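Here is the structure we will look at.
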Amino acid sequence: MAKIHPTAVIGSDVELADSVEVGPYSVIEDHVKIGPGCKLQAQCHIGSYVTMGEDNVVYPFASIGTDPEDYAYDPAQEPSFTRIGSRNKFREGVTVNKGTHPGTVTVIGDGCFLMANAHVAHNCVLGNGVIMVPFSGIAGYCEIGDRCLISGLSGMHQFCRMGRLAVLSGGSTISVDLPPFMIGDGRNGGVRGFNIVGLRRAGFAPETIHAIKKIYDIFFRHGLNVKNAIAKTEAEVPQLPEVVEFLDFVKTTKRGILNGDRHGRRS
């Protein structure tokens, strides 16, 4: 049976696994399902229609699955949702909003670490192993790939994407897409390098890292437009899975990608 502190408030149609712990003064709204091993430490707020996997930890004053910060949201409408994977940590003051339109969902994968006062807006999708450092935030409908790092005091405009293992450096803000494996810096300042440390930690083979370095040189150091950079990459770089992943990301951008200089958008 779940361990629930007597000061906690639990709504209707709530399913708590037997090993769930709900700490003092926490609130769980209606229609919530929380899986085994999850811990709500104290004074946490879980909004309606949240599902959580296993072994998540929610720290004091975090707010998960509450109403979106969007004028278009109508609380009288049909429900929207928040889907949380397993083994995530939501530190103090983290906010994660549910979807804004009926039937839509905000998604967080597995093994993410959202540090103090990070914000995930409505309809965002976070992959696995994402790290958001204190006071970072992403606006609505952003998509964050696996093992991305969003550094402190950084932000993303709505509808932007970060590819897998990309890094947004401290104090940066972007309104365009940041491709996989790259490091973005500044206010749409540009791509300043590639995530060689992250690639090595992830166990990438040396030939793959070398190919990604060649992509960085072609796209972000020689002033080519995207069309010509794609053609040069396809002609000169071995088409390893990670190279194809990068090219697919660039080819499907709707907002343009971050540049290699101070001019911001490239298309």
Side-chain angles (χ1 to χ4, degrees), residues 9-16 26-35 38 40 44-54 56-59 61-91 93-115 117-132 136-146 148 150 154-164 168 173-178 252-255:
V9 178
I10 310 296
S12 62
D13 191 26
V14 171
E15 298 181 36
L16 304 177
S26 292
V27 174
I28 301 177
E29 296 184 13
D30 301 338
H31 311 294
V32 170
K33 183 176 181 179
I34 299 180
C38 291
L40 279 58
C44 308
H45 194 118
I46 309 299
S48 60
Y49 295 99
V50 170
T51 59
M52 282 192 181
E54 302 179 359
N56 295 290
V57 182
V58 184
Y59 286 74
F61 307 109
S63 174
I64 310 298
T66 48
D67 292 349
E69 298 168 65
D70 182 357
Y71 280 122
Y73 176 71
D74 179 2
Q77 68 185 7
E78 291 297 310
S80 55
F81 306 93
T82 309
R83 186 168 71 243
I84 309 294
S86 299
R87 302 178 305 281
N88 299 290
K89 293 182 179 180
F90 302 93
R91 291 304 303 249
V94 164
T95 52
V96 178
N97 296 159
K98 66 175 67 174
T100 196
H101 296 297
T104 64
V105 61
T106 300
V107 178
I108 293 179
D110 299 330
C112 298
F113 189 5
L114 277 60
M115 300 184 190
N117 298 296
H119 174 65
V120 178
H122 59 85
N123 300 95
C124 289
V125 178
L126 272 66
N128 302 320
V130 173
I131 298 173
M132 296 183 66
S136 61
I138 56 176
Y141 299 98
C142 287
E143 298 179 15
I144 310 299
D146 292 349
C148 285
I150 303 176
S154 294
M156 293 178 63
H157 191 277
Q158 60 188 358
F159 297 103
C160 289
R161 302 181 300 158
M162 285 180 67
R164 182 166 66 108
L168 188 59
T173 55
I174 58 173
S175 59
V176 292
D177 291 347
L178 177 57
T252 57
T253 185
K254 295 179 179 178
R255 298 189 61 85

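Bear in mind that the values here come from a model prediction, so they are computed numbers and not experimental data.
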Could you tell me whether the side chain of Asn123 reaches within less than 4.5 Å of the side chain of Thr100, counting heavy atoms only?
yes

Does a donor on one side chain and an acceptor on the other come within less than 3.5 Å for Ser12 and Asp30?
yes

Scanning both residues in full, the closest heavy-atom pair of Asp177 with Lys254 reads OD2-N, 4.2 Å

Could you tell me whether the side chain of Asp70 reaches within less than 4.5 Å of the side chain of Asn97, counting heavy atoms only?
no

Expected output: side-chain Asn56 to main-chain Cys38 donor-acceptor under 3.5 Å:
no

What's the separation between atom NZ in Lys33 and atom CG in Leu16, rounded to the nearest 0.5 Å?
11.5 Å

Give me the atom names and distance for the closest heavy-atom approach of Ile150 to Ser154.
CG2-CB, 4.1 Å

When rounded to the nearest 0.5 angstrom, what distance separates CZ in Arg161 from CD1 in Ile138?
14.0 Å

Any side-chain heavy-atom pair from Thr106 and Val96 closer than 4.5 angstrom?
yes

When the ring planes of His31 and Tyr49 are compared, do they come out parallel, tilted or perpendicular, using 30° and 60° as the limits?
parallel

Where do Ala139 and Cys124 come nearest, in terms of heavy atoms and distance?
O-SG, 3.0 Å

Under a 4.5 Å cut-off applied to non-hydrogen side-chain atoms, are Ile108 and Ile64 in contact?
no

Return the orientation label for the His122 and Tyr141 ring planes: parallel under 30°, perpendicular over 60°, tilted otherwise.
perpendicular

Validation row: Met115, Ile131 side chains within 4.5 angstrom (heavy atoms):
yes

dist Leu178:CG -> Cys148:SG (nearest 0.5 Å) comes out at 7.5 Å

Non-hydrogen atoms of Ala121 and Gly140 that approach each other most closely:
CB-N, 3.5 Å

Using a distance-only test with no angle check, is there a side-chain donor-acceptor pair under 3.5 angstrom linking Glu29 and His45?
yes

Heavy atoms only: give me the nearest Arg255-Phe159 pair and the separation to one decimal.
CD-O, 3.5 Å

pair Val120-Ile144: side-chain heavy atoms closer than 4.5 Å
no

Which atom names give the shortest non-hydrogen contact between Gly99 and Pro68, and what distance separates them?
O-CG, 3.8 Å

Would you say that Pro79 contacts Lys98 through its side chain, given a criterion of any heavy-atom pair below 4.5 Å between the two side chains?
no

Any side-chain to backbone donor/acceptor pair from Asp146 onto Asn128? Under 3.5 Å, distance only.
yes

Would you check if Ile84 and Phe90 make a side-chain contact, meaning some heavy-atom pair closer than 4.5 Å?
yes

